[in-house]
There are 2 protein chains.
Amino acid sequence: MARLKTHDEALRLRLINRAAATVFDRGTAALSLRQLAADVKTSTSAVYSLFGNKAGLLASLYQEAARLFVARLAAVSSTGDPANDVIRLGVAYREYALANPHLYAILFLESAAQFESTEEGQRQIVEMYQPLVDAVRRGQRAGQFTTELDPEVVALSCWAAAHGLVSLELTGNQPPGLPIGESYERTLHALVRGWRGAGPAGQP
Amino acid sequence: MARLKTHDEALRLRLINRAAATVFDRGTAALSLRQLAADVKTSTSAVYSLFGNKAGLLASLYQEAARLFVARLAAVSSTGDPANDVIRLGVAYREYALANPHLYAILFLESAAQFESTEEGQRQIVEMYQPLVDAVRRGQRAGQFTTELDPEVVALSCWAAAHGLVSLELTGNQPPGLPIGESYERTLHALVRGWRGAGPAGQP
DNA sequence: AAGGCAATCAAAACACTGTTACGGTTGCCC
DNA sequence: GGGCAACCGTAACAGTGTTTTGATTGCCTT
């Protein structure tokens, strides 16, 4: 098993950085513990001492990816137009995903209920959602969104729209001849417009 | 390499069915060619003769999953209310995904630009999109959607919203305490409402 | 109709993978 | 300083996908 917090913090960092680099441009399936250990001039048992196993290493990468992601969203300043803030958060979401496709994949695609089900993972998810939920709440106060629903519900739908478009784009499941970049902001605008008024009933 | 269309079509079917069953309830990572061959009372080289390699086998599973998916969507009849047809297509989409999570994963999650980039894969994608595009086009004619955009764009946004919610649900990335099932139809309704009128400019 | 030939499947070897058991060295604490 | 636990290098284990080898088989041509 793993004993975590004694000696070589430096080795731990080197392993994490090298692993992140490999995953960053070749994916988690291409990450070999043997190769990783050789790259950092150590041996596989170091990985097992520090992270327990490969899943533990990937969990650490998950946390690192989440940290960067939260920072990216936090860098989106809030203006006096909350509805537009939601759009801008969505744009930042896509920018992060396109800039770090493999880290994004760790966060949202190949997680398969491994890290998120832990208490720490749940906390990370809530932290990632927070800026969007806040923007929606401000938008409700400003009369830009319906107040018949919890802000979390509206935020989830915006999150899912952004995630859906980005993930179709990254996995190559977009229909040919339809560049997603051109539809992206338009879709977010349409969704925001749809949440402007009206609950389950149909009138705007 | 593989020579495809000679002898044992029966063996090919047994392999596909068994592989589909395993992937269906344990995922592609848990699919071992050795175990698969043993289950069907043959040897690994049969797999290589028939499918080339594991990727080829998974490509065949992709086509099978796509076939089932297209059939599921085609089973959604079109009514006189196209906007509502879009919602019902979205519901069918989620039903398929929840009933066959691993096949859905093959189609949209772990594809990583393997099968979709082929010509056959592109054709499959277009075929899957078709019912939704048709419904949107009917909705445009009925005045339920803006006519300032191609129906493909509106359809893509609805597709992405459904895909986003379902994929967050399946991978466990939903924020705690927010069952997606309750927000699902509401989100689709909001999006349809948002596409009712107005192009890039903001007025409804 | 019989022989030759290419294709198909079985068995085993190869090059990997993650993981675990074993030892020696190292650093800390009493 | 000495005892002791922890860390990490080496090597073995179990499993994977793939390739090679070889034998059987079924079809096709002469």
Side-chain angles (χ1 to χ4, degrees), chain A residues 1-23 25-62 102 105-106 110-115, chain B residues 1-23 25-62 102 105-106 110-115:
Chain A
M1 281 301 162
R3 210 72 219 113
L4 290 189
K5 44 176 30 172
T6 354
H7 256 105
D8 248 331
E9 189 67 17
L11 180 58
R12 183 188 148 88
L13 280 182
R14 275 193 298 156
L15 282 171
I16 283 254
N17 287 336
R18 191 75 189 81
T22 309
V23 168
D25 56 48
R26 292 195 293 144
T28 70
L31 176 69
S32 155
L33 296 191
R34 289 175 141 94
Q35 188 63 47
L36 171 64
D39 288 348
V40 184
K41 256 79 176 178
T42 180
S43 192
T44 63
S45 24
V47 178
Y48 286 86
S49 295
L50 290 170
F51 302 98
N53 52 19
K54 186 176 182 177
L57 174 62
L58 291 180
S60 293
L61 286 184
Y62 178 91
H102 289 293
I106 288 186
E110 55 192 52
S111 37
Q114 292 190 310
F115 323 120
Chain B
M1 279 302 163
R3 211 71 221 115
L4 290 188
K5 45 177 24 175
T6 354
H7 256 106
D8 246 331
E9 189 67 19
L11 179 58
R12 182 188 149 89
L13 280 182
R14 276 192 298 155
L15 282 170
I16 284 254
N17 286 336
R18 191 73 189 83
T22 310
V23 168
D25 55 51
R26 292 195 292 144
T28 72
L31 176 69
S32 155
L33 296 191
R34 289 176 143 92
Q35 188 62 48
L36 171 64
D39 288 349
V40 183
K41 256 79 176 177
T42 179
S43 191
T44 63
S45 26
V47 178
Y48 286 86
S49 295
L50 291 171
F51 302 98
N53 52 20
K54 186 175 182 178
L57 174 62
L58 292 181
S60 293
L61 286 184
Y62 177 92
H102 289 293
I106 287 187
E110 55 192 54
S111 39
Q114 292 191 309
F115 323 121

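Sequence lines set the chain letters: A, B, ... in the order given, protein chains first and strands last, and positions in each chain run from 1.
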*Can you tell me how far CG of B/L15 sits from CG of B/L61, rounded to the nearest 0.5 angstrom?*
10.5 Å

*Rounded to the nearest 0.5 Å, what separation is found between the OG1 atom of B/T22 and the CD atom of B/Q35?*
8.0 Å

_In whole Å, I'd like the distance from the CG atom of B/L11 to the P atom of D/dT25._
16 Å

*Quick one: is D/dA6 close enough that its OP1 or OP2 comes under 4.0 Å of any side-chain N or O from A/S49?*
no

*Any side-chain heavy atom of A/T28 sitting closer than 4.5 Å to one from A/H102?*
no

*Which residues share a salt bridge (charged side-chain N to carboxylate O under 4.0 Å, His left out) with A/R34, sequence neighbours left out*: none

*If you take all heavy atoms of B/T42 and B/A46, which pair is closest and at what distance?*
OG1-CB, 3.3 Å

Could you pull out the protein-nucleic contacts involving nucleotides 17-19 of chain C (nitrogen or oxygen on both sides, under 3.5 Å)?
from   : atom 1 : to    : atom 2 : distance (Å)
C/dT17 : OP1    : A/S32 : OG     : 3.0
C/dG18 : OP1    : A/L31 : O      : 3.1
C/dG18 : OP1    : A/L33 : N      : 3.2
C/dG18 : OP1    : A/K54 : NZ     : 3.3
C/dG18 : OP2    : A/L33 : N      : 2.9
C/dG18 : N7     : A/R34 : NH1    : 2.4
C/dG18 : O6     : A/R34 : NH1    : 2.9
C/dG18 : O6     : A/R34 : NH2    : 3.0
C/dT19 : OP2    : A/Y48 : OH     : 3.0
C/dT19 : OP2    : A/K54 : N      : 3.0
C/dT19 : O5'    : A/Y48 : OH     : 3.2

